[in-house]
Amino acid sequence: MASTPLPTKILESSRIAPPPGTTPDNASLPFTYFDVFWIILPPVERLFFYRYPHPTTHFLSSFLPSLKSSLSLALKTYYPLAGGFHQIPGTDDSLELYYVEGDAVPFTVAECSGQFEDLASYHERDVSQLECLVPVLPRQEELQPLLAVQVTIFPGEGIVIGTSVHHTACDGTSSMQFMHAWAETCLSGSSVSSPVPIFDRSLISDPSNNYSFFYNHVQSLLKSVREGTIPALENSELVLATFTLRQEHIQRLKQLVLAKAEQSKTSFHCSTIVVAFAYIWTGFVRAKRIDNFSRASLALPADFRARIQPPLPKEYFGNCVGPCIATANVADLIQDDGVFVAAEVVGKAIDQLSERLKVVRKWLDEYASLSGTPILNVAGSPKFKVYDVDFGLGRPSKVEIISATKTGAMSVAESRDQQGGIEIGIAFPKDEIDYFKKYFFDGLNNLSE
């Protein structure tokens with residue numbers, strides 16, 4: 001049975017705009033093929049939990065004003081996020097991010113009487129109890145907003161800063177670049193000078209017109225995107241938990257995988273994320289009790305900024321990620337050396353990323369071919385440094401990607417407390433998460449033997 005929603009009261013609904021006269025009168029950023037590829041995904045929803053042992057009155061008078069003013073200053077630099085996206089008038093297939101001075105970000109302030117420490121913990125929590133902390137990104141057909149913010153105060157306990165970002169605006173690298181800039185602005189009281197985002201869409205060349213190819217394939221879904229009818233996973237019965245792989249666990253996994261690779265006379269990319277994803281993927285397959293005669297897939301977002309020609313500057317703001325898909329037989333993944341099998345297919349898929357830019361038009365077909373195949377998607381990255389987002393309250397006590405629970409994804413971040421470790425957030429029905437926990441912790445115990 002689903003949990004009772006947390007008692008939440010809306011204290012204020014407003015809109016935050018960049019300071020007047022600090023942005024272009026209007027700006028248009030045409031979609032690239034990377035932008036249109038991700039248009040069918042729901043907004044990316046992140047929650048940042050901070051301890052704040054003060055009453056609501058103190059929050060409203062002392063912290064909220066600086067949070068608002070710093071958001072306004074951050075939007076001076078990241079002004080496209082205050083706008084929206086739409087189809088360019090008079091065109092059949094041209095989409096753009098569009099901003100006019102005066103556009104603003106929906107900003108909600110709420111109060112919740114739930115147990116902050118419980119919600120910000122690593123143990124199982126009902127996903128339905130976290131959803132009241134997620135800002136609603138309004139759906140508008142003429143100009144779809146790109147960013148919404150909700151700040152929820154738990155009197156005497158903590159604050160949750162929630163963001164919803166439309167995936168057509170930017171990928172995780174860019175959205176976290178914005179979050180770091182906002183937090184640094186809140187700390188300093190003035191706009192941060194670097195890094196300055198680069199919005200120039202002409203940096204992504206498209207001589208083969210991949211944009212039109214992708215647009216034609218997804219246009220039948222655009223109406224559903226605008227109306228919010230794209231199906232998502234049912235969250236009412238899901239529980240979310242976070243699992244940590246410490247640096248010593250990762251090093252031991254690498255040793256075991258590399259030893260097996262040498263024995264098998266094979267080689268592949270064997271990094272921290274490869275062995276971490278392999279370990280979680282094999283546990284996911286076991287917890288789902290997938291038929292041994294089936295195949296299963298892992299899909300992770302690959303950043304192509306350094307791989308496309310010419311390479312993009314790291315400050316490029318937008319989307320530049322594509323799918324990296326690894327597939328294996330379930331029977332191989334659940335055997336004793338399943339982690340090695342998983343690591344090999346993931347590592348070899350990463351090895352071939354540069355080649356994937358030569359077959360961009362096959363990306364959608366690859367996903368279509370996996371219909372009916374159990375897929376574990378990946379959201380986030382340890383490179384985003386989510387635990388360094390400090391608004392003056394110290395490091396977050398917890399960070400969650402709630403939208404990952406709607407797309408069947410595991411969320412990934414650097415470990416908050418374990419240098420060199422990785423955190424993995426994953427949602428299952430209760431019986432499956434119990435099975436996954438047993439596999440996860442029994443496996444770590446075996447690594448220590």
Side-chain angles (χ1 to χ4, degrees), residues 2-3 5-6 8 37-49 106 108 119 124-139 144-150 152 160-172 175-176 218 221-243 280-281 284 287-288 297-301 319 321 323 325 367 370-381 384 386 398-413 423-430 432-433 436:
S3 298
L6 294 177
T8 306
F37 181 83
W38 298 108
I39 198 169
I40 63 172
L41 287 188
V44 179
E45 301 164 343
R46 276 190 175 87
L47 299 178
F48 296 80
F49 293 78
T108 302
L119 295 174
E124 300 101 296
R125 290 140 296 147
D126 289 334
V127 172
S128 59
Q129 295 235 309
L130 295 164
E131 289 181 332
C132 66
L133 308 175
V134 176
V136 176
L137 190 62
R139 293 188 176 96
Q144 171 61 52
L146 302 175
L147 170 66
V149 176
Q150 178 175 317
T152 306
V160 179
I161 298 176
T163 61
S164 293
V165 182
H166 203 289
H167 213 314
T168 56
C170 59
D171 55 26
S175 65
M176 285 308 304
V218 303
L221 297 173
L222 293 179
K223 184 174 183 294
S224 295
V225 171
R226 296 189 186 101
E227 295 176 352
T229 57
I230 293 294
L233 296 182
E234 177 56 56
N235 283 346
S236 61
E237 301 295 337
L238 293 180
V239 290
L240 173 67
T242 302
F243 300 86
I280 299 300
W281 186 22
F284 170 85
K288 289 293 182 181
S297 297
L298 177 79
L300 57 144
N319 283 291
V321 293
I325 300 174
Y367 267 118
L370 298 176
S371 177
T373 301
I375 303 175
L376 176 59
N377 294 292
V378 177
S381 168
F384 293 166
V386 295
K398 193 72 175 66
V399 180
E400 300 283 9
I401 305 180
I402 299 302
S403 52
T405 67
K406 302 174 183 178
T407 57
M410 64 174 176
S411 62
V412 182
E423 288 185 6
I424 300 98
I426 193 163
F428 287 103
K430 184 67 172 69
E432 292 179 0
I433 207 163
F436 179 85

Please determine whether side-chain contact (heavy atoms from CB on, under 4.5 Å) holds for the pair L147 and H166, giving the CA-CA distance in whole Å, both sets of side-chain angles, and the decisive distance to 0.1 Å. CA-CA 6 Å; L147 170 66; H166 203 289; over 6 Å; no

Let's go through V412 and S381 carefully: what are the C-alpha distance in whole Å and the side-chain angles of both, what is the deciding distance for side-chain contact (heavy atoms from CB on, under 4.5 Å) to 0.1 Å, and is it a yes or a no? CA-CA 5 Å; V412 182; S381 168; 6.0 Å; no

So which heavy atom on S403 is nearest to which on E45, and how close? OG-N, 3.0 Å

Given side chains that start at C-beta, do those of F436 and I280 come closer than 4.5 Å, heavy atoms only? yes

Identified side-chain contact (heavy atoms from CB on, under 4.5 Å) counterpart of V378 within the set P323, S411, P301: P301

Within this structure, what is the CG-CD1 distance for the pair L133 and I161, rounded to the nearest 0.5 Å? 12.0 Å

Is any NZ, NE, NH1 or NH2 atom of the basic residue among R46 and E400 found under 4.0 Å from an Asp or Glu carboxylate oxygen of the other? no

Rounded to the nearest 0.5 Å, how far apart are CD of Q129 and OG1 of T8? 9.5 Å

Any ion pair linking E237 and K430 (charged N to carboxylate O, less than 4.0 Å)? no

In this structure, OG1 of T407 is separated from CD1 of I375 (nearest 0.5 Å) by 11.0 Å

Using side-chain contact (heavy atoms from CB on, under 4.5 Å), reason through H167 and N319 one step at a time and then give a plain yes or no. CA-CA 8 Å; H167 213 314; N319 283 291; 3.2 Å; yes

Excluding sequence neighbours, so at least two apart, what forms side-chain contact (heavy atoms from CB on, under 4.5 Å) with T108? I10, S13, Q150

Rounded distance (nearest 0.5 Å) linking atom OG of S297 with atom CG of L370: 4.0 Å

Is it true that a side-chain atom of E423 and a backbone atom of K398 form a donor plus acceptor pair closer than 3.5 Å? no

Output the distance between atom CG (L298) and atom CH2 (W281), rounded to the nearest 0.5 Å. 5.5 Å

When you measure from the side chain of W38 to the backbone of C170, do you find a donor-acceptor pair of N or O atoms at a distance under 3.5 Å? no

Determine whether T242 and R125 make a side-chain contact, defined as any pair of heavy atoms from C-beta on separated by less than 4.5 Å. yes

Would you say that T168 contacts L146 through its side chain, given a criterion of any heavy-atom pair below 4.5 Å between the two side chains? yes

Is there a side-chain contact (heavy atoms from CB on, under 4.5 Å) between V134 and L47 once you walk through the steps? CA-CA 7 Å; V134 176; L47 299 178; 4.1 Å; yes

Contact between L240 and I426 at the side-chain level, heavy atoms closer than 4.5 Å - yes or no? no

Considering non-hydrogen atoms only, spot the tightest contact between F428 and I433 and give its length. CB-N, 3.6 Å

If you take all heavy atoms of G162 and P135, which pair is closest and at what distance? O-CG, 3.5 Å

Do you know which two heavy atoms are closest between L137 and P145, and how far apart they sit? CD2-O, 3.7 Å

What is the distance from atom CG of L238 to atom NZ of K406, rounded to the nearest 0.5 Å? 11.5 Å

Please find the pair of heavy atoms, one from N377 and one from Y367, that lie closest to each other, and give the distance. OD1-OH, 4.3 Å

Of all the heavy-atom pairs spanning A299 and I325, show the shortest one and how long it is. CB-CG1, 4.2 Å

Please identify each residue that fulfils ring-ring contact (aromatic ring centres under 6.0 Å, His included) with F49, with sequence neighbours left out. F116

